[in-house]
Amino acid sequence: MILDNIDLNDVQIEAIKHNDSPSMIIAGAGSGKTRVLTYKIAYLMKEKNIPPYNILALTFTNKAAKEMSNRIEKAVGLETNSLWLGTFHSVFAKILRFEADMLGFSRNFSIYDRDDSKSVIKSIIKELNLDDKIYNPNTVIARISGAKNRLMSAKQYYEDPICQSDDQTAKRPMLGKIFLMYEARCFKADAMDFDDILINTYRLFNQNPEILYKYQEKFKYILVDEFQDTNLIQYNIIKDLSAIHENICIVGDDAQSIYAFRGANIYNMLNFKKDFPKTKIFKLEQNYRSTKNIVNAANSVIKYNENQMPKESWTGNVAGDLIFITSCIDNIDEARKISDSILENHISKHYSYDKFAVLCRTNYQFRSLEEELRKANIPYKIVGGMSFYQRKEIKDMLAYFKFVINHNDEEAFRRIINMPKRGIGPTTVNKIIIAAHDNDMSIWDTLCNAQHILKGKTANIIEDFVEMIKASKIQLEKNNAFETASFIAQRSGLLKELFEDKTINGSSRYENVQELLNAAKNFSENKQEDNSLSDFIQEVSLLTGVDEADQKDDNLPKVTLMTIHSSKGLEFEYVYIAGMEEQLFPSALMINSKEDLEEERRLFYVAITRAKNAVYLSHASKRFKFGKLIDCVPSRFIKEIDPKFIHFQNKSFNFRSKNNFFNNKPFFKKNKIEKTNNIEEDINFEATDPKELKAGDNVEHQKFGKGKIHSITNSQGTIKAKVYFKDFGEKTLLLSFAKLRVIK
DNA sequence: CTATCGCACTGTAGT
DNA sequence: AGTGCGATAG
C-alpha cells in the first residue's frame, strides 16, 4: 500500500485516511503539511481509485502548486495531468474560459494585472478631469478592490448610501462613477482583473445552478492548502462546490495567516466548523523542522496574540542555538554584519550558501544587503520584487500577444500602438479611442475603419498595423506558442528595435525578450496540446516574481534574499531577519488596530519558523529612506521573545531606559573577516563636493564607471543628479552620498 | 511627433 | 532611487 514505508506519524496517517466527510487539518509550522496533502491525494488515487479529474486541489502560489504536483508524481507515477491542481486564480480562470459566454465574455478574455488596472483607472480619472492627488489611483483601486471583495458590483456601490457618504467625507464623491466606468471599460475590453476572476466565478455558479451542479459532480474531492489565507469569495466558492459531496479537506494554520490585508479572513477557519458541522479536526502539532529554542521562542511571541486557535507546537529536535540579536549603527553596518556572519558560518560550519536566507519586511531593504554581499563575493539571489514579467520590454511584448489574441484589449492597444515608434502619438491614440467610445464600437472595428477618422500618412500607418495584427492572428490559429510569438516579435519590429539599441540596458532588454521567447519555446515543447500562444499567455498572466526564482538558476548555491511574505512554506538552516525596528516591523503604515498588530506578529512568527538551525535578528539605529537618515528603535517583537531563548551578540548592551528597549549607543566592532580583493574597492574615491558639480560634467563613479551629468535637481531638500553612465544607462544619484570624481 | 529636462511622488505584502 | 508626467525645445 502506498503509505507503507513512508515516514508518517499517527495523526498524519489518520488525517490522510479520513476522506468521507469534511475535515480540517490544523498544521503548525514545519509539521509536514504538504507531505500530508500530497499523500492524501496519492492515497485517494491509488487506494480509493478516485479518477484524478474528480479531485480539485487549490493552493495560493504557483510555486506550491508546482511542488505538490512534483511530489505527487513521485508518489504515484505520471498521472497528475488530469488532476485539477493549481492556484485559485488559475483553476477559476480555466473554468471561466469554458463558461465565458454565460457571463458575456469571450474565451479569449485578457487578464489585467495591477499595473493594467491602474492604467485604466488613471485614464478614467483624467477623462473625468479629476485631481489625481485626491483621487490617488492606488487609493481608488483599493476602494474598488475592497468593494469587489465584499461582492459588490459597481452599480450596487454607486447606489449604496454608506459608500456614498464614506466617499463624500473622504472628498471623493466621484468614486462610484469611476467604479462604474472601470467595470464598463474592462467588460468592453473583454478583460478581467484578479478580483474579477474570483467574483465572476462566484457569480457564474450562483446565477447558473446547472453549471454549479456540473462542477459539484465533477469535483467529488476538494482539498484546500493554506486555508487561513482564503478570502470570503474564495471561501464561498469552495463552500458551494463542496455542498453536495462534502468531501472537503482544508489545511491551514491560523498562526500563519498573513494576508488579511488583501482580504484573507482568519475567521473563515473558525466559521468552517459552523458551515460544516460534521467536520473532523486533526491537529499536527509536532514540528519536524526547527530546534527546540526556535520553536519555543516562536511560541513565546505568538502567545501575545489573542485571536488564535488553541494548539501546542512542540518538537523532538535538539535544543540548538539561542536566537542571536545584533545591534547595528545603520543599515549598511547591518548589511555588513549579516554578510560577515554568513561568511563565517559558511567557512566554519561548511554550510553551502543556499542554506542561508535573509528575510526582510519590505523590498527596499535589499539594496544595502545586496551591495555588501556583492563586496564580500557571496553569491545571492533575490526572490520576488520586480518580476521578469513586469519589465517594460516584456510587458510590451506580452501586450502584442494579448492584442493579437483579444482585439478589444484597450490597455494592450495603448501599449503597442507606438512601440516601436511608428509615428502614432497621443493625439491619434485619443482620436481612435474617443471614436470607439462615441460610436460604441470596439477598438478593433474602429482601427479597421480608420480611414474615416484619420487622413494621409497616419491612416496608412494604422492600416499597416491592422495588417500586421491580422497576419499574426493567422499564425495564432495554426501554430504553437513559440512559432506565433517569434513571428509577432519580428513582424512587430520590437525585436529589431531592441537589437539595434547598443547600450547595456538595450541589449539586456533584447536578452529579456529572447528569454521570453525561450519560455514560450519550452512551453510549446513540453505540451502536446493546448500549447498555443493563448494558452501560454493564460499561464503567464498569473505568474509572479516568486515563481521565476528558480528558472534562471545556474545551480550555484546562493544566499536567498526575500520578503517574509514570499518565504512562506520554505525552510532554511540559517535565517537572518533584518530590520527588526519599530515602524518597519511592525510596519508603521500597517498598524491601525489590534488586529493589524496581530497580523504583523504572525508575520514575525512565520519568519522565525522558517529556520531549522539558527535565527539572527538585527536592528539598526539609523536607516536610509528616501535619501534621508531616519532614527530607529528596536522592534517590540524582540522584547516579546522570552529572554530565556535570546543571546545578545553585542555585549555592551544594557537596559538603561524603561521606554526604549536599547537606547544606548550600539556597539560597533571592526569586521574580523578580511575582505576579498575587489578591484572596485582599490579605487579610493572621495565624494566630490556637490557644489563643484554641474550639469554637463564628465564624471567617474565608483560602481558605475564613467558618465556624464545630465541634470542636477534640488527637490524636497535632497540634491540629486541624473547621470548617464556609459555602461549602466541613466541613474539617479544622491549627491551628498554618491562618490563621484570629475574627469577633466 | 519626439527628445530632453526638471519636478514630484512613492516606499507592505501577492494573485 | 527610480519612475512617470508635464513643460519646453527641437
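Just so you know, these numbers come straight off a predicted model, no measurement behind them. In what follows, every chain begins at residue 1, and chains take the letters A, B, ... in the order their sequences are listed.
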If I take atom CE in residue A:Met419 and atom P in nucleotide B:dC1, what distance separates them, rounded to the nearest angstrom?
15 Å
Residue A:His565, side-chain heavy atoms: nucleotide from C:dG4, C:dG6, B:dA13 that is nearest
B:dA13
Could you tell me if the side chain of A:Arg414 sits less than 4.5 Å from the side chain of A:Ile433, heavy atoms only?
yes
Could you work out which one of B:dC1, B:dC9, B:dT15 sits closest to the side chain of A:Thr427?
B:dC1
Between B:dT15 and A:Ser90, is there an OP1 or OP2 to side-chain N/O distance shorter than 4.0 Å?
no
Basic-acidic side-chain contact under 4.0 Å: A:Asp116, A:Lys395:
yes
Expressed in angstrom and rounded to an integer, what is the separation of A:Asn136 atom CG from B:dT10 atom C1'?
9 Å
Look at A:Asn363 and B:dA13 and indicate whether a side-chain polar atom (N or O) is within less than 4.0 Å of OP1 or OP2.
yes
With sugar-phosphate meaning primed atoms plus P, OP1 and OP2, does A:Ser587 contact a base, only sugar-phosphate, or nothing at under 4.0 Å between heavy atoms?
nothing
What's the CG-P distance between A:Asn231 and B:dT15, to the nearest Å?
14 Å
For A:Asp115 and C:dG4, give me the distance from atom CG to atom C1', rounded to whole Å.
12 Å
Could you tell me whether A:Asp596 contacts a base, only the sugar-phosphate backbone, or nothing, with contacts defined as non-hydrogen atoms closer than 4.0 Å?
nothing
Identify which nucleotide among C:dG4, B:dT10, B:dT15 has an atom closest to any side-chain atom of A:Lys122, counting heavy atoms from C-beta outward.
C:dG4
Between B:dT15, B:dC1, C:dA1, which nucleotide gets closest to the side-chain atoms of A:Arg367?
C:dA1
Look at A:Thr428 and B:dC1 and indicate whether a side-chain polar atom (N or O) is within less than 4.0 Å of OP1 or OP2.
yes
Cation-pi between A:Arg374 and A:Tyr380: NZ/CZ under 6.0 Å from ring centre and within 45° of the ring axis?
no
Looking at every strand, decide which applies to A:Lys118 at a 4.0 Å heavy-atom threshold: base, sugar-phosphate, or nothing.
nothing
Measure the distance from NZ on A:Lys63 to P on B:dA13 and round it to the nearest whole Å.
18 Å
So that I know where these two stand, are A:Phe585 and A:His619 an aromatic pair - ring centroids less than 6.0 Å apart?
no
d(NZ, A:Lys126; P, C:dG4) in whole Å
14 Å
Starting the side chain at C-beta, find the nucleotide from C:dA1, B:dT2, B:dG14 nearest to A:Lys421.
B:dT2
Which is more 5' along DNA chain B, the nucleotide nearest A:Pro426 or the one nearest A:Glu599? Just name the residue.
A:Pro426
Just wondering, are more than 12 heavy atoms of other shown residues or ligands nearer than 6.0 Å to CD in A:Glu370?
yes
Whether A:Tyr235 and A:Phe227 hold their rings parallel, tilted or perpendicular, with breakpoints at 30° and 60°
perpendicular
Go through B:dA13, B:dT15, B:dC9 for me and flag the one nearest to the A:Lys133 side chain.
B:dC9
Counting any heavy atom closer than 4.0 Å, what does A:Asn418 reach on the DNA or RNA strands: base, sugar-phosphate only, or nothing?
sugar-phosphate
To the nearest angstrom, the CZ-P distance between A:Phe624 and C:dA1 comes to 9 Å
With heavy atoms under 4.0 Å as the rule, sort A:Tyr259 into base, sugar-phosphate or nothing.
sugar-phosphate
Specify the separation, in whole Å, of atom CG of A:Asn138 and atom P of B:dC9.
14 Å
